[in-house]
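Here is the structure we will look at.
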Amino acid sequence: GFFTAQPFLGQALSFMVLYVWSRKNPDAMTSVFGVQFQAFYLPWALIALNVLIGNPIFMSILGVIAGHIYYFLHYIAPDSMGVDPIKTP
């Protein structure tokens, strides 16, 4: 990536998609290693798991931020402000 000096942004993309899915399906039940919780908490649970096993979390957090921006611009802004900044054809 240009801003992050990381050659591969796949983890950020995965967390972005995961975050958007978890916001669209907040009440779905998910499980990580047998621990069940609502899908709304899944990105944060995986980030906590990364912290526990000692992996860097920068790319995960970057993906959540990108997912939040996308979710806001695509789902929240058109309804609340009447503006559709990323309208698809």
Side-chain angles (χ1 to χ4, degrees):
F2 182 72
F3 296 110
T4 61
Q6 298 286 330
F8 184 63
L9 298 175
Q11 184 179 8
L13 178 65
S14 297
F15 267 86
M16 184 240 176
V17 171
L18 176 70
Y19 181 82
V20 171
W21 177 83
S22 71
R23 293 295 302 230
K24 287 185 60 75
N25 304 293
D27 295 326
M29 293 304 291
T30 58
S31 175
V32 174
F33 294 116
V35 179
Q36 288 191 339
F37 45 85
Q38 292 177 327
F40 183 78
Y41 302 109
L42 183 59
W44 309 112
L46 293 179
I47 289 173
L49 184 64
N50 281 338
V51 168
L52 286 175
I53 61 176
N55 285 345
I57 61 169
F58 176 73
M59 296 307 284
S60 303
I61 297 292
L62 187 66
V64 167
I65 291 168
H68 185 75
I69 291 169
Y70 174 79
Y71 185 80
F72 177 79
L73 293 176
H74 190 71
Y75 296 104
I76 305 295
D79 293 337
S80 64
M81 294 187 275
V83 178
D84 195 3
I86 54 174
K87 185 174 73 172
T88 56

For this session: Consider only side-chain heavy atoms of I, L, V, M, F, W and Y, link residues closer than 4.5 Å, and tell whether Trp44 and Val35 are in one cluster.
Result: yes
Problem set entry | Approximate separation, where rounding is to 0.5 Å, of Asp84 CG and Ile86 CD1 | 7.0 Å
Exercise. Do you reckon Leu49 sits in the same ILVMFWY cluster as Met16, going by side-chain contacts under 4.5 Å, direct or chained?
Worked result: yes
For this session: Please answer: with hydrophobic residues joined when any side-chain heavy atoms are less than 4.5 Å apart, are Val64 and Phe58 in the same cluster?
Result: no
Exercise. What heavy-atom pair brings Pro43 and Ser22 nearest, and what distance separates the two atoms?
Worked result: CG-OG, 3.5 Å
For this session: Determine, using the 4.5 Å side-chain heavy-atom cutoff (strictly less than), whether Leu46 and Trp21 are members of one ILVMFWY cluster.
Result: yes
Problem set entry | Exercise: identify the closest heavy-atom pair between Met59 and Leu9 | CE-CD2, 2.9 Å
For this session: Could you tell me the separation between the CD1 atom of Ile61 and the NE2 atom of His68, rounded to the nearest 0.5 Å?
Result: 13.0 Å
Exercise. Say you draw a straight line from CG of Leu18 to CG of Leu13; how long is it, rounded to the nearest 0.5 Å?
Worked result: 11.0 Å
Exercise. Are Ile65 and Phe40 connected in the hydrophobic side-chain network, where two residues link if heavy atoms are under 4.5 Å apart?
Worked result: yes
Exercise. Any side-chain heavy atom of Phe37 within less than 4.5 Å of one from Val32?
Worked result: yes
Exercise. Taking the inter-plane angle between the rings of Tyr71 and Tyr75 on a 0 to 90° scale, is it parallel (under 30°), tilted (30 to 60°) or perpendicular (over 60°)?
Worked result: tilted
Exercise. Is there a side-chain contact between Gln11 and Ser60, using heavy atoms and a 4.5 Å cut-off?
Worked result: yes
Exercise. Side chain to side chain contact (heavy atoms under 4.5 Å, CB included) with Phe15: which of Asn50, Val20, Leu62?
Worked result: Asn50
